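All ligand and atom numbering here is 1-based and tracks the order in the structure. As the structure is a prediction and not an experimental result, all values here were calculated from the model.
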Amino acid sequence: MTDSFPAPCRGRFAPSPTGALHVGNARTALLAWLHARAAGGTFVMRVEDLDFGRVRPGIMEAQLDDLRWLGLDWDEGPDAGGPHAPYVQSERVALYEDALRRLARDGHLFACGCSRRDIAAAASAPHAGEEGPRYSGMCRRHPVPGDAVSITRWAVSERALRFRVDDAEEEVCFDDGVQGRACFRPAADTGDFVVRRKDGLAAYQLAVVVDDAAMGITDVVRGGDLLGSTARQILLFRALGLPAPRYAHVPLMLGADGERLAKRHGSVSLAELRGEGVAPEKVAGWLASTCGLAEPGEHVLPADLVPRFSTSLIPAAPTIVTGASLAALRTR
Ligand code: GLU
């Protein structure tokens, strides 16, 4: 990463409390923490619990407890408080509404009642990516005026609010601390994207931008699956007149079959490892060794890794984790 960002480093980890943290999440958390700590910066824990349908009670507390068991700490967070509280997204909806009003006022939003099926049918070249087919812009004729009354009215009308991506928008490029120069074309890739869902909840893209800005986050270190989202987030930062943070997208952990590491590969959660009596130093050492930051079999505390850490050491390519490696992790 460059030194062009003068502010002291403020990093964050932003888990969604939808299930136990598995080793992939834990490694991302460890790398985000190391990045902030090696820079002498502040580390923020923010809980992204807006997906009410998937959030389960008690999971947030369990996730934070498991991260602390691993040896991570945070200066600000739901349990630590801090100057940007609250640190749980469900308690921050007024900020998202305010941002939506500003975007609407500046003519960036329109209401859209299209179903996924409508969108797929209208897409000229539907592709089966995780994000679904590109949105064709068919509801652009329903711009949302920027006063609070309209926003509330649209909220109960079972229509999503979409951010209009200018067709003339060229590539959006950024220098990623791990992946290098990354360029996307949001107008061609995804098209106009949802910033508030039909159920009235702020969409991930909006909430993450509002919170990263409000919390003064300078450095976002997160999983490589979100690399493509970054271009859309940069468009929102620009539309809101806010500075975008620096980004580093760390590699995902994949099974030997090249698929994202999952239970069927023998992947385990921190809670399971903890329950089986595996030492946190062994888990931290294993996580670090999978991306070349520790020797295989080394036992370390996350704090031991700080002096030898540099984000430039993190490989860009996904990590293939074998069943044998996972089995070795599980032995006490
Ligand atoms: N809450 C997201 C997740 O758990 C992470 C979002 C982010 O880091 O920007 O995948």
Self-check item: 4.0 Å protein heavy-atom contact status of atom 1 (N) of ligand 1, strictly under
Solution: yes
Quiz item: For ligand 1, which part of L226 has a heavy atom less than 4.0 Å away: the side chain, the backbone, both, or neither?
Solution: side chain
Quiz item: Do H22 and S269 meet the criterion of a side-chain donor-acceptor pair at a distance under 3.5 Å?
Solution: no
Quiz item: Is a side-chain donor-acceptor pair under 3.5 Å present for D49 with S90?
Solution: yes
Quiz prompt | Between D225 and H249: side-chain donor-acceptor atoms closer than 3.5 Å | solution = no
Quiz item: Side chains of R185 and T190: donor-acceptor distance under 3.5 Å anywhere?
Solution: no
Exercise. Look at atom 4 (O) of ligand 1 and say which protein heavy atom is nearest, naming residue and atom and giving the distance to 0.1 Å.
Key: S16 OG, 3.2 Å
Quiz item: Quick one: do the E48 and Y204 side chains pair a donor with an acceptor below 3.5 Å?
Solution: no
Quiz prompt | Nearest candidate to atom 8 (O) of ligand 1, where distance is taken over non-hydrogen atoms, out of Q89, R12, E48, H249 | solution = R12
Practice problem: Within a distance under 4.0 Å of any heavy atom of V208, pick out the atoms of ligand 1 and give their elements. | Solution: 9 (O)
Self-check item: Within-cut-off N or O pair, A14 and ligand 1, under 3.5 Å
Solution: yes
Quiz item: With a cut-off of 4.0 Å, which atoms of ligand 1 are near a heavy atom of R222?
Solution: 7 (C), 8 (O), 9 (O)
Exercise. Could you tell me whether ligand 1 has any atom less than 4.0 Å away from a heavy atom of Y204?
Key: yes
Self-check item: Single-linkage hydrophobic cluster L313~L34, side-chain heavy atoms < 4.5 angstrom
Solution: yes
